[in-house]
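Reading through the structure tokens given below for one structure.
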Amino acid sequence: MAHLIPYKTPKILKQFFTTYLWDLNTQNEKKIYLTFDDGPIPEVTEFVLEQLNKYNAKATFFCIGENIKKHPAIFNKIVSENHAIGNHTMNHLKSWKNDTETYLNNVNDCEDIISKRYTYPGSEKLFRPPYGQISYSKFKTLEKQGFKIVLWDVLSKDWEQGISPEVCLQNVIDHTEQGSIVVFHDSIKASKNLTFTLPKVLAHFSERGFIFDKIRL
């Protein structure tokens, strides 16, 4: 079913679900917001950080709690290099397959790990539900806890094995614009497409005067 998900989020979906963050109004600034899900992972996350540093680019990493526990040094490196952190649950949990209590406990377990190493700079904590799935009841509870649900404007589909690196790159370039929140994955599964696409995306938009920034609310 993954191939049916559009690269570019339709405007009507953004208009219907206005409480979620899909993109950012950058006024007159040419900014793009790269985000990376599922890390931190050895080598892959480190590759991402290396590429971002080459362009003085900042990004937002939506981390899985278990991966932070396994790889704390890499997580600390993300923080020390002044990137933003978001919560992606403890175990990449699907909202639609888990009851509210189980799901929220999983989110909060992840948040406990994040909060020991990172302080959100703004008034809201960032949360991206795995697979982009979130029920209304879970959303409302997370909102009361101070979370902002961050989805996306452009989905790279870097994890999809049936998509070539060249197609992944072209679709990100074709659909990304000023204010776009773009999803990549710093995961083993996505690494083939990610390692080809990310450096070229950074080069392409930097040459056109864009800045890569982290999400701050």
Side-chain angles (χ1 to χ4, degrees), residues 2 32-94 105-121 125-133 150-152 154-169 172 181-206 212-215:
I32 293 168
Y33 299 87
L34 300 182
T35 66
F36 299 88
D37 290 5
D38 300 350
I41 297 292
E43 297 186 11
V44 185
T45 304
E46 292 162 310
F47 169 83
V48 170
L49 292 173
E50 179 183 306
Q51 297 305 310
L52 293 173
N53 281 337
K54 288 180 180 179
Y55 292 89
N56 195 27
K58 298 304 174 187
T60 304
F61 290 78
F62 287 90
C63 297
I64 292 174
E66 283 290 350
N67 286 338
I68 299 173
K69 285 177 64 177
K70 291 175 185 175
H71 314 293
I74 302 175
F75 181 82
N76 291 341
K77 186 173 175 63
I78 297 170
V79 174
S80 69
E81 294 186 3
N82 201 27
H83 299 288
I85 300 296
N87 186 320
H88 202 45
T89 75
M90 192 70 185
N91 311 101
H92 208 255
L93 219 60
K94 280 189 175 181
N105 285 341
N106 201 271
V107 173
N108 288 322
D109 285 347
C110 180
E111 197 59 34
D112 287 343
I113 292 171
I114 290 174
S115 64
K116 291 174 182 176
R117 300 171 172 88
Y118 176 77
T119 301
Y120 292 96
K125 299 175 286 188
L126 308 181
F127 176 71
R128 174 172 285 156
Y131 312 99
Q133 300 175 359
V150 181
L151 296 179
W152 55 80
V154 178
L155 190 62
S156 71
K157 297 194 184 182
D158 50 358
W159 80 91
E160 202 171 322
Q161 301 303 295
I163 291 177
S164 71
E166 292 79 9
V167 169
C168 182
L169 170 64
V172 172
I181 295 174
V182 184
V183 179
F184 286 104
H185 295 78
D186 51 334
S187 66
I188 299 297
K189 188 175 183 180
S191 60
K192 180 189 72 166
N193 284 334
L194 175 70
T195 54
F196 178 88
T197 301
L198 179 60
K200 294 174 176 59
V201 165
L202 288 164
H204 175 86
F205 287 103
S206 293
F212 297 93
D213 205 358
K214 60 186 178 182
I215 297 172

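Taking OG1 of T35 as the start and CG of L155 as the end, the distance is 9.0 Å to the nearest 0.5 Å. Atom CD1 of I181 sits about 8.0 Å away from atom OG1 of T60, to the nearest 0.5 Å. Of the inter-residue distances, the one linking L194 atom CG with I188 atom CD1 reads 10.5 Å to the nearest 0.5 angstrom. Within the model, atoms CG of D186 and OG1 of T195 stand 12.5 Å from one another, a figure rounded to the nearest 0.5 Å.
The shortest distance between side-chain heavy atoms of H83 and L49 falls below 4.5 Å.
Atom NZ of K192 has more than 12 heavy atoms from other residues, nucleotides or ligands within 6.0 Å. Around CD of E43, the count of heavy atoms belonging to other residues, nucleotides or ligands within 6.0 Å does not exceed 12. Around NZ of K77, the count of heavy atoms belonging to other residues, nucleotides or ligands within 6.0 Å does not exceed 12.
With hydrogens and angles disregarded, a donor-acceptor distance shorter than 3.5 Å links the side chain of H88 to the backbone of R128. With hydrogens and angles disregarded, a donor-acceptor distance shorter than 3.5 Å links the side chain of Q161 to the backbone of K189. For the pair S206 (side chain) and A203 (backbone), a donor-acceptor distance under 3.5 Å is absent. Under the 3.5 Å distance criterion, the side-chain polar atoms of D38 are left unmatched by any main-chain donor or acceptor of S187. Side-chain atoms of N106 do not come within 3.5 Å of backbone N or O of L93 as any donor-acceptor pair.
A cation-pi geometry, defined here as NZ or CZ lying under 6.0 Å from the six-membered ring centre and within 45° of its normal, holds between K200 and F196.
Checked against F61 for a ring-ring contact (aromatic ring centres under 6.0 Å, His included), the options F36, F75, Y118 give a single hit: F36.
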(Q) D37 vs H92, test: side chain to side chain contact (heavy atoms under 4.5 Å, CB included). Steps then yes/no. (A) CA-CA 10 Å; D37 290 5; H92 208 255; 6.0 Å; no

Q: Test side chain to side chain contact (heavy atoms under 4.5 Å, CB included) on F62 and V150 and set out the steps.
A: CA-CA 10 Å; F62 287 90; V150 181; 3.7 Å; yes

Q. Step by step, would you call L34 with L198 a side chain to side chain contact (heavy atoms under 4.5 Å, CB included)?
A. CA-CA 10 Å; L34 300 182; L198 179 60; 4.0 Å; yes

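A donor and an acceptor atom, one from each side chain of N82 and K214, are located under 3.5 Å apart.
Between K70 and E66, no side-chain nitrogen of the basic residue sits less than 4.0 Å from a carboxylate oxygen of the acidic one, so the salt-bridge criterion is not met.
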